[in-house]
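Here is the structure we will look at.
Here the structure is a predicted model, which is why all the values come from computation and not from measurement.
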Amino acid sequence: MSESNRIAPQLAAEFARLNPEQRQAVETLDGPVLVVAGPGTGKTQLLALRAANILAQRDVGPRNLLCLTYTDAGAEAMRRRLARFIGPQAFEVTVSTFHGFASALRSRYPEHFSRGALDTLITDLQAARLTNTLLKGLPVSGPLFQMSFNGVHGALAATRDFITRLKRSGLGDEQFSAIIQQNLSCMDYLLEKTGLLSLVSLPLNTGSFAERSQRLDELGELIASLPALVPRELSRPLSATPGIYQPFVVYLAEQFASSELYDSDTR
């Protein structure tokens, strides 16, 4: 990083805490940078430092910068970090959510949008009500059917969380459809070609301790072997992006191995 006199001591101290990969992202002043990391790993901090470094090293003003994130909370966190790094100039930087920025552009340049002001962004409450109505309209035989309590479908929170994670995953329609089909084909295979159904149907609270232990051992051994037993097309990942999904049979094996019901390290 250039030892420019424009770098404030506080920024220099923050730069010194970066690991080599983070430092590379912050020092890249021109062009796009892709940072792939899990939650809580400092992505917001990294973006704020890169914005501050661009302002320090390039002849641009804060109004030339655009910082986008997914949530209002993320945008607020970004603004606070920028204010700490560059002071009042942070309030001249455009910091927004993707949806908020797109909505502002549409309002500012309606002539470039065919539907113009006919469309409005729904609020979180409206989105929740719409999802709740759709879920409650599902047939009783559907896999998402659950009883409602005080008018709220039992799967509302989980469904909205799943939709949010799916939108953030970057998966396209065809890729997501392929994952669904892989999961369904895998479950059909497990039910038809393995003894999984007969083992999970056995009651775990009957018989002696030795008999229950034996059933759990058999179940654990079978589930652990499933990723190697099923056809390759049912166990191979269909997305290379880490943290997005796991093939169903791999997820099943990992979840069962880490559950309290079966712990191979302590039994």
Side-chain angles (χ1 to χ4, degrees), residues 1-127 163-171 241-244:
M1 183 175 297
S2 170
E3 296 298 330
S4 169
N5 292 331
R6 299 175 69 182
I7 295 291
Q10 182 179 2
L11 282 182
E14 294 292 340
F15 293 150
R17 297 189 179 97
L18 301 175
N19 62 38
E21 290 79 12
Q22 292 172 328
R23 194 176 184 88
Q24 180 183 7
V26 171
E27 290 178 350
T28 303
L29 303 180
D30 301 310
V33 172
L34 174 64
V35 177
V36 180
T41 54
K43 295 187 297 297
T44 301
Q45 175 84 350
L46 200 68
L47 183 56
L49 284 173
R50 188 182 186 220
N53 195 34
I54 290 173
L55 290 175
Q57 303 292 346
R58 291 286 191 261
D59 187 21
V60 298
R63 295 184 180 181
N64 299 117
L65 292 184
L66 171 63
C67 296
L68 297 177
T69 185
Y70 285 106
T71 64
D72 291 331
E76 179 62 27
M78 177 72 63
R79 180 80 70 186
R80 288 198 303 268
R81 283 176 170 82
L82 279 173
R84 192 168 75 244
F85 296 153
I86 64 177
Q89 283 186 316
F91 296 94
E92 299 180 41
V93 177
T94 300
V95 181
S96 179
T97 63
F98 288 95
H99 287 166
F101 181 68
S103 179
L105 286 180
R106 192 183 62 174
S107 298
R108 187 173 181 180
Y109 305 104
E111 65 274 14
H112 296 290
F113 298 87
S114 59
R115 299 184 61 163
L118 295 178
D119 291 333
T120 57
L121 292 176
I122 63 175
T123 65
D124 285 343
L125 179 59
Q126 290 172 325
I163 292 173
T164 298
R165 289 187 287 115
L166 177 61
K167 290 163 63 177
R168 294 178 180 177
S169 72
L171 294 174
T241 306
I244 297 304

Inset, instruction - Would you mind reporting whether T69 and L47 have side-chain heavy atoms less than 4.5 Å apart? - result: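 They are not in side-chain contact.
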Inset, instruction - Determine whether N64 and L55 make a side-chain contact, defined as any pair of heavy atoms from C-beta on separated by less than 4.5 Å. - result: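 Heavy-atom side-chain distance check fails, nothing below 4.5 Å.
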Inset, instruction - State whether the side chain of T28 and the backbone N or O of Q24 hold a donor-acceptor pair below 3.5 Å, judged by distance alone. - result: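 Yes; at least one donor-acceptor contact below 3.5 Å.
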Please set out all donor-acceptor pairs under 3.5 angstrom arising from side-chain atoms of residues 90-98, sequence neighbours excluded.
| residue | atom | partner | partner atom | Å |
| --- | --- | --- | --- | --- |
| S96 | OG | F101 | N | 3.2 |
| T97 | OG1 | G100 | N | 2.9 |

Identify the two heavy atoms, one from [X] and one from [Y], that lie closest to each other, and give their separation to 0.1 Å.
{"X": "I86", "Y": "A52", "value": "CG2-CB, 3.7 Å"}
{"X": "V35", "Y": "A25", "value": "CG2-CB, 4.2 Å"}
{"X": "C67", "Y": "M78", "value": "CB-CG, 4.3 Å"}
{"X": "R50", "Y": "V26", "value": "CG-O, 3.9 Å"}
{"X": "R81", "Y": "T44", "value": "NH1-CG2, 3.7 Å"}

Going from [atom1] on [X] to [atom2] on [Y], what distance comes out if it is rounded to the nearest 0.5 angstrom?
{"X": "K167", "Y": "I163", "atom1": "NZ", "atom2": "CD1", "answer": "8.0 Å"}
{"X": "R58", "Y": "D30", "atom1": "CZ", "atom2": "CG", "answer": "4.0 Å"}
{"X": "R165", "Y": "L171", "atom1": "CZ", "atom2": "CG", "answer": "11.5 Å"}

Inset, instruction - Test side chain to side chain contact (heavy atoms under 4.5 Å, CB included) on L18 and L49 and set out the steps. - result: CA-CA 10 Å; L18 301 175; L49 284 173; 3.9 Å; yes
Inset, instruction - Kindly write out the residues that satisfy side chain to side chain contact (heavy atoms under 4.5 Å, CB included) with E21, not counting sequence neighbours, or none if the list is empty. - result: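 Checked E21 against side chain to side chain contact (heavy atoms under 4.5 Å, CB included); matches are N19.
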Legend entry - No-hydrogen, no-angle side-chain donor-acceptor test under 3.5 Å, E14 and Q45: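 Checked: E14/Q45 side chains pair up, N/O donor to acceptor below 3.5 Å.
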Inset, instruction - Please identify each residue that fulfils side chain to side chain donor-acceptor pair (under 3.5 Å) with D124, with sequence neighbours left out. - result: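 D124 satisfies side chain to side chain donor-acceptor pair (under 3.5 Å) with no other residue.
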